[in-house]
Amino acid sequence: MLYLFDGTENGFFTAFLQAFSDTDAHLSSGEAQLLLGQAPIAVSTDDSKAEKAKKRLLSFDSDCLRDLRILRRCGASDNEQIAFAYMRKLANEKRAVRDMLADEAVFQAVSYMRKVRLEIHHLHGFIRFMETESGALYAPVSPDHDICDLLLPHFCARFPSLPFVIHDVKRKKAAVYDGKNRYLLPLDKADVTLSCNEQAWQALWKKYYSAVNIPSRQRIKQMIGYMPRRYWAFMPEKNGSDTENPDET
Amino acid sequence: MFDFLLLSGYNRIMITQEKLTILTESAKYDVSCSSSGSKRKNSGGMGNGYAAGCCHSFTPDGRCISLLKILLSNDCVYDCKYCPNRVSADVKRVTATPEEICELTMDFYKRNYIEGLFLSSAVCKNPDYTMERLLLVVKKLRTEYRFHGYIHLKGIPKADERLNKEAAKYADRMSYNMELPSERSLKLLAPQKSKQSLLLPMKTLTAERTNFLQEKKKGLVKGYFLPAGQTTQMIVGASPEADGQILRLSQALYRNMELKRVYYSSYVPVVRAPLLPNAQAGALREHRLYQADWLLRFYGFTVEELIEEGENLSVDYDPKCAWALKNLHLFPVEINRASLEELLRVPGIGARNAQKILQARRFSTLRFEDLQKMRVALKRAKHFITCDGKFYGVKNESAVQGLLTAAEWSENAVQTDFFALLPDDTQNGQRLLLSNRQSAIAALTGEL
Ligand code: SF4
């Protein structure tokens with residue numbers, strides 16, 4: 001049976017309770033594919049039931065909500081289902097299950113969490129800010145997982161007095177730091193006027209990038225392995241310079 | 001925020017593209033680009049340390065860009081044979097101003113191009129003068145620009161000890177490159193340097209740092225003193241030393257100098273000279289040295305175990321595999337009972353897989369299928385383990401050898417490199433990995 005919920009955390013837990021003993025349960029908050037002849041169950045969120053479920057699960061594993069929140073950021077279409085299986089395993093075992101890696105549900109959940117965390121780590125490095133006229137920084141991103149706000153803490157600690165915007169152009173939202181507070185806003189298109197020196201710094205950076213390379217030791221495959229192509233679009237040193245043929249190695 | 005920038009005019013202190021290119025071209029053969037090991041806090045101004053280190057880009061040679069690697073000047077009075085900037089070479093000489101370096105660092109950092117600065121310099125005029133200039137830059141960056149990102153400073157041999165100590169208060173890491181693994185080769189190829197001139201400042205800084213840390217613990221001093229320690233680099237293949245000699249030197253440096261890391265750089269002929277080989281040293285040799293180095297630091301191996309007869313590492317097998325083949329009487333080990341140390345000595349099982357096995361076996365006895373489910377790489381490991389008493393490998397010794405070489409080549413294709421320090425690198429990670437966050441970070445960065 002397919003259980004459709006509203007995408008909130010309490011919605012997830014309401015669905016979790018309803019689906020718990022259904023051995024063929026599928027949980028989704030998005031456009032899940034309907035199996036032929038199967039009517040989905042529309043779950044209506046029940047906050048008090050959900051809170052109770054959370055509390056009980058937390059008593060088994062005080063870190064389980066943190067795991068869930070990371071899992072639900074995963075961009076894979078079956079992430080809610082994977083989260084469900086993981087939480088069900090926790091409820092059955094009545095103790096933390098994160099290390100039971102020989103269990104399929106746990107292994108899947110752990111690898112999804114790993115993917116999300118890895119992308120956060122990647123983007124800490126691969127994000128590129130541009131300086132705008134006002135001095136604020138602007139970085140467009142298009143991550144696999146829904147993480148633009150999870151990038152804020154790292155950059156707030158680093159630029160405590162600089163306002164900046166991290167714009168997820170795929171999900172049309174932006175994580176914003178105004179020098180004091182953090183926000184998450186819907187944002188379709190950003191109108192950005194760059195500072196007068198921005199182009200010159202980008203040009204210097206491209207120069208640096210080509211000067212620091214050692215051409216006689218070319219290892220393109222490795223470069224792409226460490227810095228997947230999907231991040232290149234917003235990196236000045238890579239976009240437009242698609243000259244390195246990946247088959248060349 | 002930076003009023004003085006407005007006064008001096010932003011554009012006037014932007015380094016020119018030509019200068020940047022020359023000063024970078026000269027710095028790029030330094031392998032180290034790691035930005036790990038510093039937890040420097042932001043106390044107003046810009047930047048902070050990121051203990052795990054962070055790669056910001058990768059160049060087509062497969063190396064990570066973490067730091068802005070640049071020389072302050074390429075105007076050298078020394079005459080190292082392998083160096084394009086040696087005094088006898090006819091190249092364009094340029095020197096950057098401290099402001100140019102500071103501005104460049106700040107603006108690159110702000111755009112998240114880099115994690116910090118790796119500054120070195122040719123020897124201008126004399127060692128003291130050069131060290132004073134370097135000190136001026138790092139001091140300016142920290143105090144005037146209030147930059148708290150990573151700074152790696154390459155020390156100048158033979159400079160006044162007081163200058164080194166002062167610089168260590170501002171830099172996160174310092175390094176003196178051994179470059180050549182023996183005094184003889186140094187004399188021949190870098191006549192103005194000597195082993196002593198490189199080891200002495202290392203030793204002094206190590207002692208000072210230990211002192212500082214003790215006093216800091218007691219609350220007697222504040223601030224920092226090389227929070228990310230010291231490293232060094234050796235060029236491999238420019239001189240005739242064997243792997244054994246190189247690794248024994250590394251082992252001594254780790255034990256006696258508390259170095260965080262020794263980098264190996266295969267020789268790239270930039271300069272033609274009668275004393276130097278014309279060919280680029282092989283990437284495989286460098287790779288083997290890194291593998292062996294890793295085993296020394298994190299897996300409890302000694303050089304004597306890794307290099308028994310002959311003086312070089314095996315070309316066909318990675319050092320752990322070669323060791324295991326020589327010690328087949330210690331295998332197979334039972335996956336459900338072996339200690340962490342034993343698991344780490346199994347070819348094909350790195351720290352991450354060893355950790356996965358330890359975690360999972362607390363809940364159930366692990367069978368071969370379970371390891372497969374956990375995506376533990378078994379191609380090589382299966383010849384050295386039993387799972388719940390059952391053996392899945394080949395018993396015949398020479399057959400194992402054949403299979404291992406084949407397996408090695410295919411696994412090598414996906415094997416992680418040591419320049420790039422992404423979390424996946426924990427695959428080759430370390431002995432202490434399991435205890436706490438600190439050591440998890442160590443495995444991530446490959447530093448002690
Ligand atoms: S000291 Fe030697 S290696 Fe360094 S710049 Fe001068 S000549 Fe080159």
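A quick note: this is a predicted structure, and the numbers were derived from the prediction, not measured.
- In plain terms, the two heavy atoms of B:Ser57 and A:Trp205 that are nearest each other are CB-CZ2, 4.4 Å.
- The pair A:Glu131-B:Arg111 counts as a salt bridge, with a side-chain nitrogen and a carboxylate oxygen less than 4.0 angstrom apart.
- For A:Leu137, the part lying under 4.5 angstrom from a heavy atom of chain B is the side chain only.
- Along residues 148-160 of chain A, the residues that come nearer than 4.5 angstrom to chain B, judged on non-hydrogen atoms, are A:His154, A:Phe155, A:Ala157, A:Arg158, A:Phe159, A:Pro160 in order of number.
- Contacts of B:Ser66 with chain A are absent, with no heavy-atom separation under 4.5 Å from either backbone or side chain.
- At a 4.5 Å heavy-atom cutoff, the contact between A:Ala203 and chain B is made by backbone and side-chain atoms alike.
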Show your reasoning for whether side-chain contact (heavy atoms from CB on, under 4.5 Å) applies to B:Tyr113 and A:Tyr208. CA-CA 10 Å; B:Tyr113 299 162; A:Tyr208 177 76; over 6 Å; no
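- Side chains of B:Arg375 and A:Ser111: a donor-acceptor N/O pair is absent below 3.5 angstrom, by distance only.
- Surrounding NZ of A:Lys170 are more than 12 heavy atoms belonging to other residues, nucleotides or ligands, all under 6.0 Å away.
- Taking the ring centroids of B:Tyr50 and A:His124, they lie under the 6.0 Å cut-off.
- Across all their heavy atoms, B:Ala283 and A:Arg219 have their closest contact at CB-NH2, 4.3 Å.
- The shortest heavy-atom contact between A:Tyr209 and B:Phe58 is OH-O, 2.6 Å.
- Nearest heavy-atom pair across A:Val212 and B:Thr59 is CG1-CG2, 3.7 Å.
- The minimum heavy-atom distance between B:Ala360 and A:Leu101, with the atom names listed, is CB-N, 4.1 Å.
- Note on residues 91-101 of chain A: pairs passing salt bridge (charged side-chain N to carboxylate O under 4.0 Å, His left out), not counting sequence neighbours, are A:Asp61-A:Arg98, A:Asp67-A:Arg98, A:Lys89-A:Glu93, A:Glu93-A:Arg95, A:Asp99-B:Arg362.
- To the nearest 0.5 Å, atoms CG (B:Asp61) and CD1 (A:Ile214) are separated by 5.5 Å.
- Ranked by heavy-atom pairs shorter than 4.5 Å toward chain B, the options A:Lys207, A:Met100, A:Arg128, A:Met130 are led by A:Arg128.
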